[in-house]
Amino acid sequence: MKESKPQRNSCYAGRIPHTADYYVKCMFGGLLSSGLAHVAVIPLDVLKCNAQVNPGKYSGLLRGMRTLIAEEGARVLWKGWVPTLL
């Protein structure tokens, strides 16, 4: 009976098999990490832009978020999502 070698992956030292499955996993890992980072940063960027235009109105992070949501609704925090996606 022929012994089969254990399949390697990127967790092990040595040569990594670059198959289509490997690249698909890397692609989904990149999409997930980048997507989560942008979901966290976009509301902060919206607040930063509004604070630069009117610094007296948006004096802090939480107070600024509350002001934005009270005046324009919760959807305002996702204003810059489409340009970031592109």
Side-chain angles (χ1 to χ4, degrees):
M1 180 170 229
K2 186 178 178 182
E3 279 189 41
S4 63
K5 287 185 175 181
Q7 188 172 0
R8 293 175 150 181
N9 65 25
S10 61
C11 295
Y12 298 107
R15 206 175 134 234
I16 301 169
H18 294 290
T19 62
D21 185 48
Y22 172 79
Y23 286 115
V24 167
K25 288 177 184 176
C26 288
M27 180 184 70
F28 282 118
L31 286 171
L32 183 63
S33 64
S34 177
L36 290 175
H38 282 94
V39 164
V41 170
I42 288 173
L44 297 174
D45 194 43
V46 170
L47 177 61
K48 176 195 65 124
C49 292
N50 281 302
Q52 287 175 336
V53 172
N54 193 351
K57 190 175 185 180
Y58 305 99
S59 58
L61 179 66
L62 294 177
R63 187 174 293 150
M65 289 288 185
R66 282 191 211 120
T67 303
L68 273 174
I69 292 170
E71 290 181 356
E72 299 183 47
R75 292 184 70 168
V76 71
L77 298 177
W78 305 106
K79 245 182 195 177
W81 185 77
V82 174
T84 303
L85 179 68
L86 299 175

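Because the structure is a prediction, the values reported are computed rather than measured. Scope of the values below: all heavy atoms of this structure, side chains included, with no hydrogens, waters or symmetry mates. Position 1 is the first residue of the sequence, and the numbers go up from there.
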> Which ILVMFWY residues are connected to L32, directly or by a chain of links, through side-chain heavy atoms under 4.5 Å apart?
Replying inline: L36

>> Taking transitive links into account, so neighbours of neighbours count too, which hydrophobic residues share a cluster with V24 at under 4.5 Å side-chain distance?
In response: M27, F28, L31

> What closest approach, in Å, do P43 and A40 show between heavy atoms, and which atom pair accounts for it?
Replying inline: CD-O, 3.8 Å

>> With a 4.5 Å cut-off on side-chain heavy-atom distances among I, L, V, M, F, W and Y, is there a chain of contacts connecting V39 to V41?
In response: no

> Please, which pairs that meet salt bridge (Lys or Arg N to Asp or Glu O under 4.0 Å) have at least one residue in residues 26-44, sequence neighbours excluded?
Replying inline: none

N/O donor-acceptor pairs under 3.5 Å from side chains in residues 66-74, not counting sequence neighbours:
{"unit_1": "T67", "atom_1": "OG1", "unit_2": "R63", "atom_2": "O", "d": "2.8"}
{"unit_1": "E71", "atom_1": "OE1", "unit_2": "K57", "atom_2": "NZ", "d": "2.8"}
{"unit_1": "E71", "atom_1": "OE2", "unit_2": "K57", "atom_2": "NZ", "d": "3.2"}
{"unit_1": "E72", "atom_1": "OE1", "unit_2": "K79", "atom_2": "NZ", "d": "3.4"}

> Which pairs, with at least one residue in residues 29-44 and sequence neighbours excluded, count as a salt bridge (Lys or Arg N to Asp or Glu O under 4.0 Å)?
Replying inline: none

> Do you know which two heavy atoms are closest between M65 and L77, and how far apart they sit?
Replying inline: SD-CD2, 3.5 Å

> Please, which pairs that meet side chain to side chain donor-acceptor pair (under 3.5 Å) have at least one residue in residues 45-56, sequence neighbours excluded?
Replying inline: D45-K48

> salt bridge (Lys or Arg N to Asp or Glu O under 4.0 Å): which pairs involve residues 21-30, sequence neighbours left out?
Replying inline: D21-K25

